[in-house]
Number of protein chains: 2
Amino acid sequence: MARRPLTNPRKHATQERSRATVDALVEATARILVKEGFDKASTNRIAQKAGVSIGSLYQYYPSKEALVAAVVDRHHQELMQIIRDALAEVAALPLEDAVRRLVTVAIEAHRIDPRLHRVVAEQIPRTGRLENVGAFNQETFALFRAYLERHRDELRAVDLGLAAFVCVTSIEALTHTAVLHRSDILSDEAVDTLVDEATRLVVGYLR
Amino acid sequence: MARRPLTNPRKHATQERSRATVDALVEATARILVKEGFDKASTNRIAQKAGVSIGSLYQYYPSKEALVAAVVDRHHQELMQIIRDALAEVAALPLEDAVRRLVTVAIEAHRIDPRLHRVVAEQIPRTGRLENVGAFNQETFALFRAYLERHRDELRAVDLGLAAFVCVTSIEALTHTAVLHRSDILSDEAVDTLVDEATRLVVGYLR
DNA sequence: ACATAATGCGAGCTATAGCTCATATTGTCT
DNA sequence: AGACAATATGAGCTATAGCTCGCATTATGT
């Protein structure tokens with residue numbers, strides 16, 4: 001296996017000024033990745049676009065990969081928060097309502113910044129953040145599983161861990177693929193149909 | 001958008017000897033990608049491992065990306081053939097039998113060489129082969145849709161194009177994710193359960 | 001105000017990746 | 001056998017990416 005470069009930030013910035021620098025670097029990295037692709041995202045270019053010197057860049061991030069990883073992590077934090085909120089929101093709703101809402105939220109989340117989402121998905125293997133993604137998914141599985149446990153009376157007999165895997169993976173794939181490769185399915189009228197179908201898929205499976 | 005390097009082969013090799021050269025190059029690229037990762041796959045290294053001079057490499061492939069694209073394409077051809085065969089095989093089977101068989105085949109296909117499969121999945125964005133993947137999926141959708149048309153009497157009223165999208169995307173995601181990230185679900189005993197669940201998901205949705 | 005720490009700077013070094021081209025070898029055809 | 005095309009070779013050029021380091025500037029605390 002290839003040895004990966006370090007991807008953790010170097011210092012923890014304490015002053016206001018330096019936090020701004022760090023933010024600018026991550027933001028610039030994201031913008032360049034989206035607009036110009038990974039290859040154009042050289043450290044010099046990132047520093048330039050961030051309005052920061054190359055020296056400062058290396059004070060906070062030990063490598064280009066670390067910056068990309070920061071972008072990936074930031075995006076994942078945002079997504080996880082959306083998922084947590086959504087699952088808290090639907091905790092008491094009956095199965096079908098809950099699933100429908102979750103599917104809708106998933107589509108909305110993917111639509112916030114599809115280009116960044118695509119880039120993040122593409123860059124994950126490079127960042128050595130695959131394990132993090134594993135953890136990320138684990139949390140989602142666990143949260144959804146908790147919902148299922150609470151609503152066990154609405155379900156058929158089924159291993160809840162496995163069911164959570166099946167449902168979450170399917171919903172994620174459908175929304176992800178639709179947003180990134182099938183914008184035709186997502187016209188304002190068509191979205192509702194997709195939501196209906198995904199809901200039916202999951203609900204039909206669970207009971 | 002970033003301009004991508006050319007990814008098409010340069011000349012078409014006619015003699016026996018040169019075809020061997022080309023094969024060795026693609027094979028070496030695949031091996032290096034799997035064992036050492038994209039960064040270590042320099043053109044010099046590929047040529048060396050293929051037992052071919054760097055000059056010869058550039059006679060057939062204009063860039064490193066072209067070689068990676070060749071690996072991706074080759075893998076996709078193989079997968080598509082498996083899918084075509086499987087769908088031909090189940091064409092006359094009733095819904096549940098057909099789906100169960102397809103899910104099984106999908107898992108088997110992913111298991112042939114999981115590490116290569118993972119690498120290919122990771123490298124697709126870099127190769128500019130996303131459109132090809134689109135086409136690849138289009139064909140799969142079309143083939144499965146044809147099956148659905150033939151068995152319409154077993155299905156509820158549903159847009160077959162959309163249904164094909166939902167089913168194929170779900171099956172692909174479940175098998176892909178299970179093989180790459182959840183080997184626990186794929187122990188010899190557990191596979192059957194996964195097959196059952198995936199089958200139930202899809203069949204329940206379709207009727 | 002001064003000392004000390006935190007942050008910022010950017011010219012320039014090192015390494016290596018991608019690639020070319022002049023030349024040599026091997027195959028094909030008559 | 002000779003001529004022409006196809007294929008193979010690898011030393012070495014060019015460009016640029018990643019990164020360091022010595023020094024300048026700005027903040028903090030007393």
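Each chain gets a letter, A, B and so on, in the order the sequences are listed, and its residues count up from 1.
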Participant: Quick one: do A:Glu197 and A:Arg200 make a salt bridge, cutoff under 4.0 Å?
Facilitator: no
Participant: In terms of the nearest nucleotide of DNA chain D, which residue is placed more toward the 5' end: B:Gly55 or A:Ser42?
Facilitator: B:Gly55
Participant: Give the nucleotide from the list C:dC19, C:dC9, D:dA8 with an atom nearest to the side chain of A:Val52.
Facilitator: C:dC9
Participant: Using a cut-off of less than 4.0 Å, is there contact between a side-chain N or O of B:Thr43 and OP1 or OP2 of C:dG18?
Facilitator: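 Answer yes for this pair, as a side-chain N or O of B:Thr43 is under 4.0 Å from OP1 or OP2.
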Participant: What is the separation between atom CD on B:Glu16 and atom P on D:dA5, rounded to the nearest whole Å?
Facilitator: 23 Å
Participant: Would one find more than 12 heavy atoms of other residues, nucleotides or ligands at under 6.0 Å from atom CZ of A:Arg31?
Facilitator: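 Result for CZ/A:Arg31: open.
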Participant: Go through the steps for B:Arg19 and B:Glu16 under the test salt bridge (charged side-chain N to carboxylate O under 4.0 Å, His left out), then give the verdict.
Facilitator: CA-CA 5 Å; B:Arg19 252 174 283 133; B:Glu16 184 71 30; 3.7 Å; yes
Participant: Among the candidates C:dT26, C:dG8, C:dA11, find the nucleotide nearest to the side-chain atoms of B:Arg17.
Facilitator: C:dT26
Participant: From CD of B:Gln59 over to P of C:dT23, roughly how many Å is that when rounded to an integer?
Facilitator: 16 Å
Participant: Side chain of B:Ser18, heavy atoms from C-beta onward: which of D:dA8, C:dA17, C:dT7 has the nearest atom to it?
Facilitator: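 Output: D:dA8.
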Participant: For A:Arg19 and D:dT26, what is the distance between atoms CZ and P respectively, to the nearest whole Å?
Facilitator: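 A:Arg19 atom CZ is separated from D:dT26 atom P by 19 Å.
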Participant: Taking the inter-plane angle between the rings of A:His117 and A:His75 on a 0 to 90° scale, is it parallel (under 30°), tilted (30 to 60°) or perpendicular (over 60°)?
Facilitator: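 Aromatic pair A:His117/A:His75 classed tilted.
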Participant: Would you indicate, yes or no, if C:dC9 has its OP1 or OP2 atom less than 4.0 angstrom from a side-chain nitrogen or oxygen of A:Ser56?
Facilitator: yes
Participant: To the nearest Å, how far apart are B:Ile54 CD1 and C:dA22 P?
Facilitator: 18 Å
Participant: How many whole angstroms separate atom CD of A:Gln48 from atom C1' of C:dC9?
Facilitator: 15 Å
Participant: Once you round it to whole Å, what is the distance between C1' of D:dA15 and NZ of B:Lys64?
Facilitator: 16 Å
Participant: Under a 3.5 Å cutoff, is there a donor and acceptor pairing between the side chains of B:Gln81 and B:Arg84?
Facilitator: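 Yes, side-chain donor-acceptor contact under 3.5 Å.
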Participant: Side-chain N or O of A:Thr21 less than 4.0 angstrom from OP1 or OP2 on C:dG8?
Facilitator: yes
Participant: Measure from OH on B:Tyr58 to C1' on C:dT20 and round the result to the nearest Å.
Facilitator: 10 Å
Participant: Would you tell me if any nitrogen or oxygen in the side chain of B:Tyr61 comes within less than 4.0 Å of OP1 or OP2 on C:dC19?
Facilitator: no
Participant: Tell me the interatomic distance from B:Leu67, atom CG, to C:dA17, atom C1', rounded to whole angstroms.
Facilitator: 14 Å
Participant: Could you check A:Asn44 against A:Gly51 and say which one's nearest nucleotide on DNA chain C is further toward the 5' end?
Facilitator: A:Gly51
Participant: Consider the side chain of A:Ser53, meaning its heavy atoms from C-beta on, and name the nucleotide among D:dA8, C:dG8, C:dG18 that approaches it most closely.
Facilitator: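 Closest nucleotide to the A:Ser53 side chain: C:dG8.
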